[in-house]
Visitor: 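Sharing a structure here in C-alpha cells format.
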Amino acid sequence: MAILTTTWQHLAGLPELDIHTISEDWALTASLKAHWSLIAQDMGLPPSRWLDTGGDRMYSAVMYLRTWFDLDAPVGEDDTIQSHTSLVAKKSPHSLAVTKYTVNGELRGEAEFLTSLIKRQTRGSNKKFAKVRGIWTTPDYNTEAIDTLLDQHHAKKLTAATGSPDLVHQVNRIRDFNAADFLYFKNFVVIAKAAEWAQNRAAPPRLNATRNAWFFGNVEDGDDIHAHVARDGDAFATTLTDADGRLLFCSDGTAPTVDIKVR
C-alpha cells in the first residue's frame, strides 16, 4: 500500500521558533495538523464528518508522541522550514505519522504521533473516552509498529510521580481547551516544559533535545494539574497528575545544557 505524504513550507518567525531553534509547541501543532489531513484523505471525510454509527463525533486523539530537535544547529528567523509528513502505519482506529523538519535540505527536527479515533463516553465529560472501531475501513499496514507502541503505552500506565510537584497548573478552559472542549494535547507538553524549566531555573539552561510522551487522561475546567520532574544529568522524566494522583501524562527524554544567544 502506498504511504500517504504531505509537504508544507513555513517561513520561520515568532510562532515557529523558540529561544534557540524550532519551537516544540509550534512543531507539535503543525505535525498533528498534517497528520489529521492525511487521516481525512485516507478516510475520504473531513474531520467534521468523523461520526460513529450512533452519529457521535469522533476525534483523533494523541496517545504517544516523540520529538527530536538538533540543538547544535539553531534555526533563525530568515530561514525557511520545510515539513514532510508521512502516515507510516495504520491499525484502525490507530494511526502513526512522522513529520521531518528540514532547513536548506538539512534535518533539524522530527515529530512522531500515535493517535486513536475516540469519542466521549459521557456527553459533556472529559473523564472517560472510548475507542471507536469499524468506521475507518481502508486497509491496515505496518501494524507491528503500532502494536509495539501500544504495548509501551500499556506499560507506561504504571508510571508513578515522585516528590513534591514542581508546578501546579489550574486548567483554564478559554486558554487550554481546543474546539472539542477538552485539554489540547500539546498543552500537556506546554505544562510539562514549564515545570521542567522551573525545576532547573537556577542551573545552566537546558533545552529539550528529545522527548517521548504518553497520554492517559483528560481534565475539566478548573482542575489542578500537578507536574513532577525528576532529572539525572541530561535525562529527565516528567509526570502530570490530577489532584487525586490520577496519571494524565508522562514524558522522558534528554535536555542538555545550551548556550542561548539572543538574536
Side-chain angles (χ1 to χ4, degrees), residues 14-15 18 23-33 35-36 39 46-52 54-65 67 93-94 111 113-132 153 156-157 159-199 201 208 211-229 237-251:
L14 292 180
D18 63 13
S23 164
E24 184 176 27
D25 181 65
W26 170 80
L28 292 178
T29 300
S31 299
L32 188 63
K33 183 177 180 180
H35 186 152
W36 272 43
I39 294 174
S48 62
R49 293 177 57 197
W50 294 356
L51 308 175
D52 73 356
D56 293 325
R57 176 65 193 274
M58 300 185 302
Y59 306 94
S60 185
V62 178
M63 298 181 66
Y64 163 79
L65 66 83
T67 57
H94 303 97
F113 286 91
L114 173 68
T115 66
S116 178
L117 293 176
I118 64 166
K119 70 173 184 178
R120 286 181 171 88
Q121 283 192 349
T122 302
R123 190 178 299 274
S125 172
N126 289 338
K127 294 301 183 183
K128 290 186 178 181
F129 295 84
K131 293 184 179 69
V132 182
H153 187 272
K156 283 288 185 177
K157 288 180 180 179
T159 301
T162 58
S164 301
D166 295 283
L167 180 145
V168 178
H169 175 85
Q170 186 181 71
V171 175
N172 186 307
R173 182 184 185 193
I174 200 66
R175 177 189 60 202
D176 296 329
F177 280 23
N178 59 14
D181 210 28
F182 47 78
L183 187 72
Y184 191 40
F185 85 99
K186 78 176 181 64
N187 288 334
F188 288 91
V189 180
V190 169
I191 296 166
K193 287 188 72 167
E196 290 153 12
W197 183 266
Q199 187 265 356
R201 181 176 280 124
N208 300 113
R211 182 188 300 275
N212 291 277
W214 309 88
F215 297 77
F216 301 102
N218 215 276
V219 291
E220 309 286 6
D221 181 32
D223 286 353
D224 283 342
I225 294 178
H226 295 247
H228 305 253
V229 182
T238 305
T239 55
L240 302 183
T241 68
D242 67 11
D244 297 324
R246 177 174 64 103
L247 181 64
L248 303 170
F249 167 96
C250 66
S251 71

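Computed from a prediction, not measured in an experiment: that's the story for all the values here.
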Visitor: So, for Asn218 and Phe182, which heavy atoms are closest and what is the spacing to 0.1 Å?
Guide: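 Shortest heavy-atom contact: OD1-CB, 3.3 Å.
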Visitor: Hey, could you give me the OG/CH2 distance between Ser31 and Trp26, rounded to the nearest 0.5 Å?
Guide: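 Answer rounded to 0.5 Å: 7.5 Å.
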Visitor: If I compare all heavy atoms of Leu247 with all of Lys156, which pair ends up nearest, and what's the gap?
Guide: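 So the minimum-distance heavy-atom pair works out to CD2-O, 3.7 Å.
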Visitor: Report the distance from atom CD1 of Ile225 to atom CG of Asp242, rounding to the nearest 0.5 Å.
Guide: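 Here the interatomic distance stands at 8.5 Å.
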Visitor: May I ask you to decide if Arg246's main-chain N or O and Asp244's side chain share a donor-acceptor pair within less than 3.5 Å?
Guide: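 Judged by distance alone, no pair lies under 3.5 Å.
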Visitor: Taking all heavy atoms of Asp52 and all of Lys119, pick out the closest pair and write down the distance.
Guide: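 Nearest pair, atom of Asp52 first, then Lys119: OD2-NZ, 2.6 Å.
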Visitor: Going by heavy atoms in the side chains, are Leu28 and Glu24 under 4.5 Å from each other?
Guide: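 When only atoms from C-beta onward are counted, Glu24 and Leu28 do touch, with a gap below 4.5 Å.
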Visitor: Can you check whether Glu196 reaches Lys193 side chain to side chain, under 4.5 Å on heavy atoms?
Guide: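 Yes, side chains in contact.
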Visitor: Side chains of Cys250 and Phe216: does their closest heavy-atom pair fall under 4.5 Å?
Guide: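 Cys250 vs Phe216: side chains touch.
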Visitor: With heavy-atom distances below 4.5 Å as the criterion, would you say the side chains of Val189 and Asp25 are in contact?
Guide: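 Val189 does not reach Asp25 side chain to side chain.
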Visitor: Nearest 0.5 angstrom please: Thr115 OG1 to Ile39 CD1, how far?
Guide: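 Thr115 atom OG1 to Ile39 atom CD1 measures 4.0 Å (nearest 0.5 Å).
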Visitor: Which heavy atom of Ser23 sits nearest to which heavy atom of Pro15, and what is that distance?
Guide: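 Ser23 and Pro15 have their closest heavy atoms at CB-O, 4.0 Å.
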Visitor: For Gly222 versus Gln170, what's the shortest heavy-atom pair and its separation?
Guide: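 Gly222 and Gln170 have their closest heavy atoms at O-CG, 3.7 Å.
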Visitor: List in chain and number order the residues that pass side-chain contact (heavy atoms from CB on, under 4.5 Å) with Ala161, two or more places apart in sequence or in another chain; answer none if no residue qualifies.
Guide: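 Listed in chain order: His228, Thr239, Thr241.
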Visitor: Any side-chain heavy-atom pair from Phe188 and Val62 closer than 4.5 angstrom?
Guide: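 Answer no - side chains too far apart.
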Visitor: Taking the side chain as C-beta and beyond, is there a heavy-atom pair between Leu183 and Val219 under 4.5 Å?
Guide: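 When only atoms from C-beta onward are counted, Val219 and Leu183 do touch, with a gap below 4.5 Å.
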Visitor: With a cut-off of 6.0 Å (strictly less than), are more than 12 heavy atoms of other residues, nucleotides or ligands near CZ of Arg57?
Guide: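 Atom CZ in Arg57 is packed in, count exceeds 12.
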Visitor: Which heavy atom of Trp36 sits nearest to which heavy atom of Ser60, and what is that distance?
Guide: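 In this case the closest contact between Trp36 and Ser60 is NE1-O, 3.2 Å.
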Visitor: For the residue pair Leu240 and Ile191, establish whether any side-chain heavy-atom pair is separated by less than 4.5 Å.
Guide: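 Heavy-atom side-chain distance check passes, below 4.5 Å.
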Visitor: What orientation do Phe215 and Phe249 show, parallel under 30°, tilted 30 to 60°, or perpendicular over 60°?
Guide: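 Phe215 and Phe249: perpendicular rings.
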Visitor: Given Asn178 and Asn187, is the side chain to side chain contact (heavy atoms under 4.5 Å, CB included) satisfied, shown in steps?
Guide: CA-CA 10 Å; Asn178 59 14; Asn187 288 334; over 6 Å; no
Visitor: Tell me if a side-chain donor or acceptor on Asp166 pairs with a main-chain N or O of Val229 at a distance below 3.5 Å.
Guide: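 Yes, because the side chain of Asp166 sits within donor-acceptor range (under 3.5 Å) of the backbone of Val229.
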Visitor: Between atom OG of Ser116 and atom CE of Met63, what is the distance when rounded to the nearest 0.5 Å?
Guide: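 Interatomic distance, Ser116 OG to Met63 CE, rounded to 0.5 Å: 6.0 Å.
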Visitor: Would you confirm whether Asp176, through its side chain, and Val171, through its main-chain N or O, come within 3.5 Å as a donor-acceptor pair?
Guide: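 Judged by distance alone, no pair lies under 3.5 Å.
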Visitor: What residues form a ring-ring contact (aromatic ring centres under 6.0 Å, His included) with Tyr184, not counting sequence neighbours?
Guide: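 None.
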Visitor: Using side-chain heavy atoms (C-beta onward) and a distance below 4.5 Å, is Thr159 in contact with Trp214?
Guide: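 With C-beta onward as the side chain, the pair stays apart.
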